[in-house]
Amino acid sequence: MELSFPTNLRYSRQHEWIRVEGAVSVIGITAFAQDQLGNVVFVELPSVGSTVVVGQIFGSVESVKTVSDLFSPVTGEVVAVNTDLEQRPETVNQDPYGSGWMIKVRLADEMELTALLDVTAYQAFVGAESV
């Protein structure tokens, strides 16, 4: 699968993406991250109503290769969790930017978004990491 990097997203150096949709932001892992993990077999996510903090662990992804922590790119309240991933964790591999989303967060501070990478910076980051 060719890796894609949607231009309408912001990216973290821990390979999470975020898409702002009004007051709520959708968060998942990048195509690069799922490619590095391999086949995802389990996803652990926080509960609705919990708080995530920028740079802190909010869950984990288990693949046939390894277990990897998920780091929140922003601070806020979890307002939705993709419960479909409980039964179909492989969706993260098949559609990381669409139906493989993980959580939706009501942002506490929109200024945190400025610390995230745009698509050009993220592609350069991934390129440097892949060398």
Practice task
Specify the closest pair of heavy atoms between P89 and V40, including all atoms of both residues, with the distance to one decimal.
Solution key: O-CG1, 3.6 Å
Fill in the blank from the handout: Rounding to 0.5 Å, atoms CD (E21) and CG (N8) come to a distance of 9.0 Å
Handout entry: Verify same cluster id: F71, V61 (apolar side-chain graph, 4.5 Å)
Key = no
Problem - From M102 atom CE to W17 atom CH2, the distance as rounded to the nearest 0.5 Å - result: 9.0 Å
Handout entry: hydrophobic_cluster_shared for L85 and V78, side chain cutoff 4.5 Å
Key = yes
Completion exercise
Distance col, row I103:CD1 vs S72:OG, nearest 0.5 angstrom, shows 5.5 Å
Practice task
State, with a plain yes or no, whether a side-chain heavy atom of F58 is found less than 4.5 Å away from one of I27.
Solution key: yes
Problem - Test item: E112 side-chain N/O and T75 main-chain N/O as donor-acceptor pair under 3.5 Å - result: yes
Exercise for the section: Tell me whether L3 is reachable from F125 by hopping between hydrophobic residues (I, L, V, M, F, W, Y) whose side-chain heavy atoms are closer than 4.5 Å. Expected result: yes
Handout entry: Least distance between heavy atoms, S4 atom then A31 atom
Key = O-CB, 3.8 Å
Practice task
For Y122, check ring pair (Phe, Tyr, Trp, His ring centres under 6.0 Å) against everything at least two apart and list the hits.
Solution key: F5, Y11, H15
Exercise for the section: Using a cut-off of 6.0 Å, state whether more than 12 heavy atoms not belonging to Q87 lie near its atom CD. Expected result: no
Handout entry: ILVMFWY cluster, I18 and L117 together (side-chain gap under 4.5 Å)
Key = no
Practice task
Specify the closest pair of heavy atoms between K65 and G38, including all atoms of both residues, with the distance to one decimal.
Solution key: CE-CA, 4.3 Å
Handout entry: salt bridge (charged side-chain N to carboxylate O under 4.0 Å, His left out) partners for E62, two or more places apart
Key = none
Problem - Reported OG1-to-CD distance for the pair T30 and Q36, which is rounded to 0.5 angstrom - result: 9.0 Å
Problem - Residue of the set N82, N39, I29 for which side chain to side chain contact (heavy atoms under 4.5 Å, CB included) holds with V92 - result: I29
Handout entry: ILVMFWY network linking W101 to L37, side-chain heavy atoms under 4.5 angstrom
Key = no
Practice task
Provide the closest heavy-atom pair for P6 versus V119 in the form atom of the first, atom of the second, distance.
Solution key: O-CG2, 3.8 Å
Practice task
Working to the nearest 0.5 Å, report the span between CG of D69 and CD of Q14.
Solution key: 10.5 Å
Exercise for the section: Drop me the distance from K104's NZ to E77's CD, to the nearest 0.5 angstrom. Expected result: 14.5 Å
Handout entry: Side chain to side chain, D118 and R10, heavy atoms closer than 4.5 Å
Key = yes
Handout entry: Side-chain donor/acceptor of S47 to backbone N/O of S50, under 3.5 Å
Key = no
